[in-house]
Amino acid sequence: MQKKYAVGIDLGGTNLRVALVSRDGEIIKKIKVATTEEVLNSLSDAVDSFFSDEVAGIGIGVAGLISREEGKVLTSPNLHVIEKIDLVNEIKEKFRVPVLIENDANAAAFGEMWVGSGRKFSSFVLFTLGTGIGGGIIYRRKLLNIPAEIGHMSINADGEKCPCGNSGCLESYASGRAILSGAVSSLEKGRESLLKEYSAGNIYKLTAEDVYKAALDGDTFARELLKNAGRYLGIGFANVINIMSPEAIVLSGGLVGAWDIYVQEAIREASRRAFRELYDKVKIVPSVLMDDAGITGSAGLIFHST
Ligand code: ADP
Ligand code: MG
Ligand code: ZN
């Protein structure tokens, strides 16, 4: 008898999501907790609470550069703590089922192709817009087995040094973390903004979501931050469109919540920069699975590989 479920994990710089997923891609139950230094413990506790004889395996999507062969994360700029952990072996030893590791955005792309917006596209590029920026590429209904580190394309030759080794990476200008660091450095210099009130005295506790809320409440500084980040994201879109001419760019991750300001600006910028013929062919759409893309895809990879 085939086992009914797989556990899918999406481990990001801000959030850890774990779900029990059925063979038709339905989420039976899920939890979300904050990512902490104790990540292996929280991950293993979460899996434990969902585990049964009906679990065929555990798929782990992680933000960072991964090695499938070694079963671990090689480098993760937004989640350094994970680099030291023998991830697949630790989890396999505990649960004694097949365990696989994939890049979080690759897993999300697989999830979207399987049961999300990607069902209707043969080839598309998925962006995860969260703490950092990730990418996954589906080409002719196959997940490309490549890093697709879209967040680390350089868009500014003399830009900020990135932990990946490059400078001026897209993620340093257009991610949740980038929006926040822009907010904090201006607030530190005394910039007036509603964000000061939102932070209740501690600007270091602000989130990108607070920036979006402040923008909706009419704060011009917050709106500027989002539009500026969106403009850089649009440069990333234009590069991807010009290089690959995908049928679609599918967007997932927390920052999709700021669509009307941030993504709209990105779309405008991309339309100004990409080859007209290629821009006219691409659809830029939100993921259907949204926050569930990663957990669904990580579980789906188990069903499709075991
Ligand atoms: P990760 O995968 O890196 O853990 P997520 O995809 O879960 O990140 O997204 C979390 C990020 O999205 C946080 O920076 C959060 O503040 C931000 N976020 C969530 N909702 C919104 C919103 N409506 N507008 C802007 N940012 C948002
Ligand atoms: Mg994520
Ligand atoms: Zn980088």
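Quick caveat, the model's predicted, so the values are computed rather than measured. Every number for a ligand or one of its atoms is a count from 1 in the order of the listing. The figures that follow rest on heavy atoms only: side chains count, while hydrogens, waters and symmetry mates do not.
- For ligand 1, the atoms closer than 4.0 angstrom to any heavy atom of T207 are 16 (O).
- Residue contact annotation: A63 has no non-hydrogen atom under 4.0 Å from ligand 1.
- Taking all heavy atoms of E209, K32, R177, R17 into account, the minimum distance to atom 16 (O) of ligand 1 is reached by E209.
- Contacts between M290 and ligand 1 below 4.0 angstrom, taking non-hydrogen atoms only, are absent altogether.
- Exactly one of V81, I82, L87 qualifies for a side-chain contact (heavy atoms from CB on, under 4.5 Å) with L40. That residue is L87.
- Linking ILVMFWY residues whenever their side-chain heavy atoms come closer than 4.5 Å, directly or via other members, leaves L100 and L144 in distinct clusters.
- When each of N15, T14, N78, T35 is tested with T131 by the rule side-chain hydrogen bond (donor to acceptor under 3.5 Å, both in side chains), just one qualifies, namely T14.
- Counting non-hydrogen atoms of other residues, nucleotides and ligands closer than 6.0 Å to CD of E37 gives a total of 12 or fewer.
- Using a 4.0 Å cut-off to heavy atoms of G253, the atoms of ligand 1 that qualify are 6 (O).
- Of the listed options A215, G254, G132, G254 places a heavy atom closest to atom 6 (O) of ligand 1.
- Take the Zn ion (ligand 3) as the corner point: the lines to SG of C169 and to SG of C164 open at 110°, to the nearest 10 degrees.
- Distance check on atom 13 (C) of ligand 1: every protein heavy atom falls at or beyond the 4.0 Å cut-off.
- Between the ND1 atom of H152 and the SG atom of C162, the angle centred on the Zn ion (ligand 3) amounts to 110° when rounded to 10°.
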